[in-house]
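Note sheet for the following structure.
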Amino acid sequence: MTMQAFDPNDYRKRVLAAVESRGGLEESDPFELYDIPLEEAESLSDVEIAARVAEVWGFWQRQRDHPKYRVLVGLLVDAHPKLSRVLLDSALRRAEAARIREMRERRDVDRYEMLDAAISRLVQRHGGVPAGKVPGLEEIGAMGGLSAAEVATRLHRHRVIENAPAPAGVLTDQRRQQIRQLLSEWERLIDGEPTPTLFALLRVDPAKAGQTQEIRLRAEALRARSRELPPGRIRVVLDELLIHIHDVLESGDAPLREYLRTVAEDVAKELRPKVRAAVLVEDELVGDDFHYLLDEAMRLGLDRADATRVLTEIAAELGARVANSPTTTASPRSISQPPAPRRWEPSLKAARAALRGGRPQEAARHVEEAHRLVGPDGEGVTPIRSVSDEVERVLNEAQAHWRDATVACAAKRYVEALPHLEQVRRTASDLLPPNQVPSIDQLLAEARAAIAEADRLVAEAQAGRADARMRGLLAAVEICADHAGAAAVLAESPIEAPQRVEATRLANGSVLVAWSPISTENVAYRVTRLQPDGSWRVVGRTQATELEDGGAPAAGQPVYAVAAAVAGRYSEITRSDTGRVAKSQDGQEQARDDPSPGGIPTVTGLAEQAGLLVFTWPIGVTEVMAVVRSDQPPTTPNDPEARSWKVTNMRYEIDGGVRIPPDIPRPCHIAIASCRRETNGMLTVAAGFAPTARLRWLG
């Protein structure tokens with residue numbers, strides 16, 4: 001079996017476009033990047049694989065200046081040695097193929113998750129996919145990156161029907177199960193208050209179930225929240241739950257009352273074993289047992305009246321009574337002749353009280369004492385075991401939350417740590433020994449203080465001067481590493497590039513690379529060397545402003561590039577062969593041009609025409625920066641002595657060129673820098689000017 005011939009145009013549309021839309025190299029694999037069919041990985045020879053790798057490698061080299069894919073291609077060129085190694089070695093290739101198959105299966109599951117959930121819901125409700133719902137399914141598929149053809153392929157598995165039957169008027173067992181599963185998944189996805197019922201999801205007291213207007217208002221608010229969520233599993237689950245809310249709670253009194261009945265049935269099923277254990281000895285539900293189970297019933301979604309009714313009915317089924325229920329009255333005989341308490345009962349009651357108070361360690365000690373007091377006949381083992389199991393569950397969950405919280409705090413991810421700490425404090429305040437340092441309360445205070453301080457720093461940075469903004473944002477990230485506000489503003493703040501990169505050959509044969517620092521604090525620099533094949537090799541990283549390259553080639557003058565790194569983000573590179581300034585023979589600094597500054601295509605043919613600046617726009621560039629200086633040519637687009645302003649291609653078309661403000665003195669020096677609009681919306685200005693983008697304006 002042989003591969004199809006490599007088609008560059010098809011590769012751009014089919015591979016590069018897909019990789020870029022998924023977010024870059026991290027979401028791809030070598031077989032896709034080198035256009036090698038995964039299903040043929042084991043049948044192709046090493047010679048065929050090597051030929052394809054070389055062919056694609058050559059294509060990447062030729063695409064380094066492509067207006068749309070130059071950034072992606074640059075990353076591919078840098079990663080070529082690592083990516084190709086696993087393909088050129090047959091043993092590594094087989095192992096990598098097995099790993100990639102599994103990875104692609106998981107990726108496909110994620111891509112089709114929202115679509116499959118929507119199709120499944122339609123099939124369950126209508127017995128097939130209504131034809132009128134297909135356009136909506138295509139929109140859902142597009143949110144996951146699926147084409148209409150891929151959606152159609154997925155729909156071939158199901159029957160498409162012309163007219164959907166009317167929705168059922170009552171809850172089916174299937175729908176009840178769907179609601180339970182979705183609510184359970186919602187609790188796992190959203191760490192917050194329990195959501196045992198649709199009423200709990202809406203934060204509606206089940207005692208107010210008849211107030212349909214409040215239900216509709218809260219449901220509409222939740223729908224608005226859903227529309228603001230990004231595509232993902234949380235939105236899928238919430239959208240499905242909102243459909244059930246509409247069909248069950250908003251469609252009339254009959255389905256709403258039916259749902260209340262099914263909730264009571266589910267609660268009764270959950271509590272029946274616990275009630276049986278509680279009434280085993282006394283044949284009645286008394287004292288703390290009743291209050292504990294009443295709290296459980298309300299936690300599972302019932303109001304107090306229905307919870308009391310359900311407990312009374314379960315006790316009656318078991319031939320027992322609820323001694324202190326509001327619906328029952330104690331008989332004279334029970335008052336005059338109270339049953340004698342068993343030795344283990346006080347310890348078991350104390351365990352339940354401690355559990356309700358969020359002290360499972362104390363509850364565990366009381367359970368242990370109750371076990372010790374059980375008589376030789378084994379009476380009491382069953383109710384004690386029920387409480388013991390609950391204590392163990394609470395402790396296990398609390399320990400998992402504590403483990404996640406401490407890991408997050410150690411990394412200063414306080415936003416992530418806070419809900420875990422609050423859960424431990426609420427359900428297991430005695431999880432740690434009294435002398436444990438740090439304690440739960442100490443970490444809670446630390447997390448809240450860090451988040452509050454980061455909030456303050458971000459607010460000050462946004463309101464303050466531009467030169468202080470970066471300093472404030474970095475301070476916020478240093479205090480709280482996962483602060484969303486700081487990360488969002490940082491993503492919109494460009495990183496200043498280093499200046500004056502110079503490479504000097506030393507007597508020992510190595511090369512000393514030096515550069516001027518940027519004004520930002522806590523900055524690191526990455527130094528790379530240009531390889532003969534056009535790729536860049538990392539020489540090292542440092543917080544200083546120079547680095548010695550002991551591995552430099554002996555012949556010739558290597559070309560280096562330096563980029564500044566701040567909070568994990570990099571500036572544009574500054575190259576040693578196209579620095580921002582050079583020195584003339586008299587020692588004066590002069591502007592030095594870069595034929596392709598920052599890898600952004602440059603304007604050409606800059607000239608004056610009818611009082612306007614005209615030039616040819618490069619492909620893919622929609623904005624430029626005009627920079628003017630009266631005394632000498634501008635050194636950089638951010639030259640502090642120059643005046644600059646942005647021009648869009650639309651304004652250029654409307655005006656017929658670039659208008660020069662009348663208050664700028666003539667003659668003057670003008671340069672045009674190309675700009676690139678990043679995927680996050682941030683505007684990146686080229687680090688320098690091309691020779692074809694300069695003009696002396698006489699006016």
Side-chain angles (χ1 to χ4, degrees), residues 194 267-300 307-308 310-325 328 330 333-402 423-436 440:
V267 173
K269 182 179 179 181
E270 177 76 18
L271 294 184
R272 190 169 281 106
K274 297 181 180 180
V275 175
R276 181 180 292 110
V279 303
L280 181 65
V281 177
E282 300 296 342
D283 292 329
E284 63 180 0
L285 197 56
V286 297
D288 286 346
D289 288 342
F290 168 75
H291 291 296
Y292 172 73
L293 292 171
L294 184 68
D295 289 343
E296 281 289 288
M298 295 172 67
R299 184 182 64 81
L300 293 171
T308 302
V310 167
L311 289 177
T312 303
E313 291 176 354
I314 296 174
E317 292 173 11
L318 300 171
R321 59 189 296 276
V322 179
N324 51 353
S325 163
T328 62
R333 181 177 182 276
S334 65
I335 295 175
S336 60
Q337 297 178 358
R342 271 56 176 176
R343 296 177 61 204
W344 49 265
E345 282 185 337
S347 296
L348 194 59
K349 292 178 181 179
R352 287 171 174 154
L355 201 56
R356 289 195 298 272
R359 303 184 304 277
Q361 293 282 25
E362 178 185 333
R365 291 192 293 271
H366 288 305
V367 167
E368 185 178 353
E369 177 67 12
H371 273 299
R372 190 180 64 80
L373 295 174
V374 170
D377 57 356
E379 186 181 45
V381 169
T382 300
I384 293 172
R385 182 185 300 118
S386 176
V387 177
S388 178
D389 291 345
E390 182 68 8
V391 169
E392 183 178 3
R393 181 189 68 79
V394 172
L395 280 173
N396 287 339
E397 290 182 358
Q399 287 165 354
H401 281 293
W402 176 251
Q423 178 71 10
V424 174
R425 185 68 183 83
R426 184 168 56 250
T427 62
S429 59
D430 65 344
L431 179 67
L432 305 179
N435 57 351
Q436 171 80 27
I440 298 171

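- Taking the charged nitrogens against the carboxylate oxygens, E369 and R365 have no contact shorter than 4.0 Å, which rules out a salt bridge.
- Under the side chain to side chain contact (heavy atoms under 4.5 Å, CB included) rule, V391 has a single partner from D389, V394, L395, which is L395.
- H366 and S347 make their closest contact through CB-O, 3.3 Å (heavy atoms, listed as atom of the first residue, atom of the second, distance).
- Atom CD of Q361 is separated from atom CG of L432 by 8.5 Å, given to the nearest 0.5 angstrom.
- Contact annotation: the side chain of I314 never approaches that of L293 to less than 4.5 Å [non-hydrogen atoms, C-beta and beyond].
- No side-chain heavy atom of V387 sits less than 4.5 Å from a side-chain heavy atom of Y292.
- With sequence neighbours excluded, the residues that form a salt bridge (Lys or Arg N to Asp or Glu O under 4.0 Å) with E296 are K274, R299.
- The two atoms that bring W402 and V424 nearest to each other are N-CG2, 3.7 Å, heavy atoms only.
- Taking the side-chain hydrogen bond (donor to acceptor under 3.5 Å, both in side chains) definition, one finds that E368 meets it with nothing, sequence neighbours left out.
- Put simply, CD on E392 and CZ on R385 are 12.5 Å apart, with the number rounded to the nearest 0.5 Å.
- The two atoms that bring A428 and A398 nearest to each other are CB-CB, 3.5 Å, heavy atoms only.
- Checked against side-chain hydrogen bond (donor to acceptor under 3.5 Å, both in side chains), R425 has the following partners two or more places apart in sequence or in another chain: D441.
- When atom types are taken as modelled, the side chain of T427 and the backbone of Q423 share a donor-acceptor pair closer than 3.5 angstrom.
- The shortest heavy-atom contact between V367 and S388 is CG1-CB, 3.7 Å.
- A297 and A307 make their closest contact through CB-CB, 3.5 Å (heavy atoms, listed as atom of the first residue, atom of the second, distance).
- The backbone N or O of E362 lies less than 3.5 Å from a partner atom in the side chain of D430, making a donor-acceptor pair.
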